[in-house]
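Following: one structure in structure tokens, then a few remarks.
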Amino acid sequence: MPSKKEAPRESQLAGTDTPDRANTNAKLQSLETVRSDATGQALRTNQGVKIADNQNSLKAGPRGPSLLEDFIMREKITHFDHERIPERIVHARGTGAHGYFQSYGKHAELTKAGFLQDPEKITPVFVRFSTVQGPRGSGDTVRDVRGFAVKFFTDEGNFDLVGNNMPVFFIQDAIKFPDFVHAVKPEPHNEIPTGGSAHDTFWDFVSLVPESAHMVIWAMSDRAIPKSLRTMEGFGVHTFRLINAEGVASFVKFHWKPKQGVLSLLWDEAQKLAGKDTDYHRRDLWEAIETGNYPEWELGVQIVPEADEHKFDFDLLDPTKIIPEELVPVTPLGKMVLNRNPDNFFAETEQVAFCPGHIVPGIDFTNDPLLQGRLFSYTDTQISRLGGPNFHEIPINRPLAPNHNGQRDAMHRVTIDKGRAAYEPNSIDGGWPKETPPAAQDGGFESYQERIDAHKIRQRSESFGDHFSQARLFFHSMSPSEQEHIVNAYSFELGKVEREHIRARQVNEILANIDLELAAKVAAKLGLPAPKAGTVDVPKLSLKASPALSQMNHLGESIKGRKVALLVADGVDGALADKLVKALEAESVQIKVLGPTSAPVKTADGKTLAVDASMEGLPSVAFDAVWVAGGKGVEALKGDGVAVHFILEAYKHLKPVAGHAEAKAWFDSLNLKADSGLLAGNDAKAIKAFTQAIGKHRVWEREAAAKAVPA
């Protein structure tokens, strides 16, 4: 039966047999101040003083007042009072993991960045995933953008690729960021809703700011309710520059492509999971790593030579635009594997500090006005959150590369600087530390020498003026099911808006400019008249659709890490159940054996079969598919209301529902219509059909029939 594969706690690097990889691993571990207090050591204060009594404060007599001189109590209470740091204003709800990045080859023609030059080089990384709107206590599965931030600990310094699971953003200029965040956050008068955008202030803002149209339709798509953090794409959002050793620059867009596929929840699943398992995404990532199903992503870039900057029908510097992959394919650069969970959530995940301004030689910025503002905002925020400018000394933020400069003191300084010259140039300390000319081997950072000759002005570029053509491209690239989900998402969110003029403005002045059929369907669900025409002339793009935008075309390379529920009851055929488990484990599928209760069940031959949980404790929304084990136990399951609901709900959510031969009669009695994902059989052929159905993620052909299922 299922056995859990334990993952080692230390960092697991591919091919750790080479000295270089071993040294890199050791360096990364040395950055972390890891301590276990369960070591037989005496209880001491933070200053190292042994404590004789940790049960009673110092008082003037047994019933007298506590004394101010009780330094042990004061230290303990003071530290407790300050255990919580201010949470992030956005991206407060997050989880993280350690891993490594490995380049596929030498990319010297594209960039001189060292971590992209040697396929044998292992670069440690720390990744933080997050939601945008909600506080730390909000749910994982709310409809929201997901942050996807990666810190590369390179030999040349830290590089932070701070992005999202969507390739565009709501605004074009950073000066509007506080306005957007204030609008999407819970309403100020009642702090509602938590973790969502279905309220008046958000829709008031986006209906008045047409540049948000492209990002909003992404947020109304299935991309905003990912199946797991492991099945999200990641994007750098902005256009960056990569620069080679000869000083030749190229514009690039960064992409993370998950090997597990790009998969999402259904809206009903997302809502139920928010109540049944608030920590669903962080639990899924943690368990995948602990069981050795290490998530992998491929890092790629879309490359645009500088000479081609203006050849598109959109502006490369506009953060509300994508470069369709049909126009510029993604060039793979390397892979990232997450293989170690944090030892302490606060010390690592909560204190990690990302900033788009953390780059290394070979990477540089563009004049994207949203990126330009982020370069200031992130550092400024970390200073506030982490108590001063020394947040780089916190172990999770500390670079592998040494840092020497004249920066001194300030709050929470850890380094003891012994040199006498805290300035440069100097002669007292022999002139050190000194500058490194960029032309030297392993040269210092040099900004790209872009020629700028312009007036100081507050004005948006005319090339940023098209707000609807790419939103239209996105909608037309979706499958019929995905389009229906977008219609339902707009209808649900706008249905929560109290002011009718806001609902009408979004339909008539935004959706009508994207697609009239989309606008009409949403209007009908809101009880509004359908618009007859858009309000602006939308430019026609060279592409009518981009298949790369549909999740239907990104199902993953295998079913590794998918989750299957095996339902059992007394009388189960243990041999058949064991055969199924072994077949699925061979595909690296995670199987959970679920019974009517958490107690073991008896097999047909009188043996005892342990279960992982009850069907009520682990509901169908936590799984990708379900199999009903054969034997007389099927009769017991048929009479169990929880088991019936489990099957009906899985069917309604378009998941593969299968079982041994005895299960077919049960499925028929539930009036489940036959399709490619409703299966029964005892042989290898049935199991193979089941795994193939899992690989398709959903049984989309079932969607119409599933609406009639009462689950």
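Not measured: the values here are computed from a predicted model. Hydrogens, waters and symmetry mates play no part in the numbers below; they use all other heavy atoms, side chains included.
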NZ/NE/NH1/NH2 to OD/OE distance under 4.0 Å, Lys638 and Glu635:
yes
Pair Arg93 + Asp144, salt bridge at N-O below 4.0 Å:
no
I'd like to know if the side chain of Ser197 pairs up with that of Glu493 as donor and acceptor (distance under 3.5 Å, no hydrogens or angles considered).
yes
Say whether Glu348 and His98, considering side chains only, have a donor N or O and an acceptor N or O under 3.5 Å apart.
yes
Between Trp286 and Thr95, is a side-chain contact (heavy atoms from CB on, under 4.5 Å) present by the stated rule, with each step listed?
CA-CA 9 Å; Trp286 181 280; Thr95 192; over 6 Å; no
Test item: Tyr490 and Lys521 side chains (from C-beta on) under 4.5 Å apart, heavy atoms
no
Taking atom CD1 of Ile687 and atom CG of Leu679, what is their separation to the nearest 0.5 Å?
11.0 Å
Kindly compute the distance separating OG1 (Thr278) from CZ (Arg283), expressed to the nearest 0.5 Å.
9.0 Å
Indicate yes or no for a side-chain donor-acceptor contact from Arg223 to the backbone of Val262 under 3.5 Å, with no hydrogens or angles considered.
no
Between Glu484 and Lys707, does the salt bridge (charged side-chain N to carboxylate O under 4.0 Å, His left out) criterion hold? Intermediate values first, please.
CA-CA 13 Å; Glu484 183 182 0; Lys707 292 178 180 178; 2.7 Å; yes
Tell me if the centroids of the rings in Phe129 and Trp297 come within less than 6.0 Å of each other.
yes
Might you confirm whether atom NZ of Lys259 has over 12 heavy atoms from other residues, nucleotides or ligands at distances under 6.0 Å?
yes
Give a yes or no on whether the backbone of Asp140 and the side-chain of Arg282 come within a donor-acceptor separation of less than 3.5 Å.
no
Minimum side-chain heavy-atom gap Glu482-Phe475 below 4.5 Å:
no
Which word best sums up how the rings of Phe646 and Phe623 line up, parallel for under 30°, tilted for 30 to 60°, or perpendicular for over 60°?
tilted
How many angstroms lie between OG in Ser130 and CZ in Arg136, if you round to the nearest 0.5 Å?
12.5 Å
Is there side-chain contact between Gln133 and Val142, with at least one heavy-atom pair below 4.5 Å?
no
Specify the closest pair of heavy atoms between Lys664 and Ala680, including all atoms of both residues, with the distance to one decimal.
CB-CB, 3.9 Å
Going from NZ on Lys592 to CG on Asp612, what distance comes out if it is rounded to the nearest 0.5 angstrom?
5.0 Å
Going through the checks in order, is the side-chain contact (heavy atoms from CB on, under 4.5 Å) test met by Tyr651 and Asp675?
CA-CA 11 Å; Tyr651 181 87; Asp675 55 44; 4.0 Å; yes
Identify whether the distance between the nearest side-chain nitrogen and carboxylate oxygen of Glu703 and Arg698 falls below 4.0 Å.
no
Just do the side-chain contact (heavy atoms from CB on, under 4.5 Å) check on Leu266 and Asp222 with the steps written out, would you?
CA-CA 8 Å; Leu266 297 180; Asp222 293 343; 5.7 Å; no
Salt-bridged, Glu557 to Lys335, with N to O below 4.0 Å?
no
Salt bridge (charged side-chain N to carboxylate O under 4.0 Å, His left out), paired with Lys257, selected from Glu298, Glu325, Glu296
Glu325
Is Phe690 close to Val564 at the side-chain level, that is, under 4.5 Å between some pair of heavy atoms?
yes
Can you sort out the partners of Thr131 under side chain to side chain donor-acceptor pair (under 3.5 Å), two or more places apart, ordered by chain and number?
none
With sequence neighbours left out, the residues meeting side-chain contact (heavy atoms from CB on, under 4.5 Å) with Thr141 are Leu265, Ala270, Leu273, Ala274, Tyr280, His281
Determine whether the side chains of Ser546 and Glu326 contain a donor N or O and an acceptor N or O closer than 3.5 Å.
yes
In terms of ring plane angle, is the pair Phe152 and Phe101 parallel, tilted or perpendicular, where the classes change at 30° and 60°?
perpendicular
Thinking salt bridges, do Asp277 and Lys272 make one under a 4.0 Å N-O criterion?
no
Minimal non-hydrogen separation, Gly630 against Val634, with atom names:
CA-CG2, 4.1 Å
Nearest heavy atoms of Ser491 and Lys525, plus distance in Å
OG-CD, 3.1 Å
Tell me if a side-chain donor or acceptor on Arg230 pairs with a main-chain N or O of Leu285 at a distance below 3.5 Å.
no
Please give me the minimum heavy-atom distance between Ser558 and Arg562, naming the atom from each residue.
O-NH2, 4.0 Å
Quick one: does Lys655's side chain have a donor or acceptor within less than 3.5 Å of a partner on Ser620's backbone?
yes
Quick one: are Val237 and Met215 in side-chain contact, heavy atoms under 4.5 Å?
no
For His554 and Leu263, indicate whether the former's side chain and the latter's backbone hold a donor-acceptor pair under 3.5 Å.
no
Of Phe354, Trp256, Phe126, Phe254, which meets side-chain contact (heavy atoms from CB on, under 4.5 Å) against Val150?
Trp256
Under a 4.0 Å N-O cut-off, is there an ion pair linking Asp624 with Lys227?
yes
Applying side-chain contact (heavy atoms from CB on, under 4.5 Å), can you list everything that pairs with Ala643, at least two apart in sequence or on another chain?
Met615, Leu637, Asp640, Trp666
What distance separates Ser221 OG from Phe474 CZ, expressed to the nearest 0.5 Å?
3.5 Å
Tell me whether Ser138 contacts the main-chain N or O of Pro135 through its side chain, where contact means a donor paired with an acceptor under 3.5 Å.
yes
Is there a side-chain contact between Ile192 and His199, using heavy atoms and a 4.5 Å cut-off?
no
Minimum heavy-atom distance His697-Ser264, with the two atoms named
NE2-O, 3.0 Å
Going from CG on Asp578 to CG on Asp573, what distance comes out if it is rounded to the nearest 0.5 angstrom?
10.5 Å
Look at the side chain of Thr349 and the backbone N and O of Phe346, then say whether any donor-acceptor pair between them is shorter than 3.5 Å.
no
Are the side chain of Asp570 and the backbone of Lys602 linked by a donor-acceptor contact shorter than 3.5 Å?
yes
Measure the shortest side-chain to side-chain distance between Ile289 and Tyr294 over non-hydrogen atoms and say whether it is less than 4.5 angstrom.
yes
Close side-chain approach of Leu566 to Leu584, heavy-atom, < 4.5 Å:
no
Apply side-chain contact (heavy atoms from CB on, under 4.5 Å) to residues Leu672 and Ile647 and explain how you reach the verdict.
CA-CA 10 Å; Leu672 304 184; Ile647 294 297; 4.0 Å; yes
Heavy atoms only: give me the nearest Leu594-Ala565 pair and the separation to one decimal.
CD1-CB, 3.8 Å
Where the side chain of Gln102 meets the backbone of Pro119, is there a donor-acceptor pair that is under 3.5 Å apart?
yes
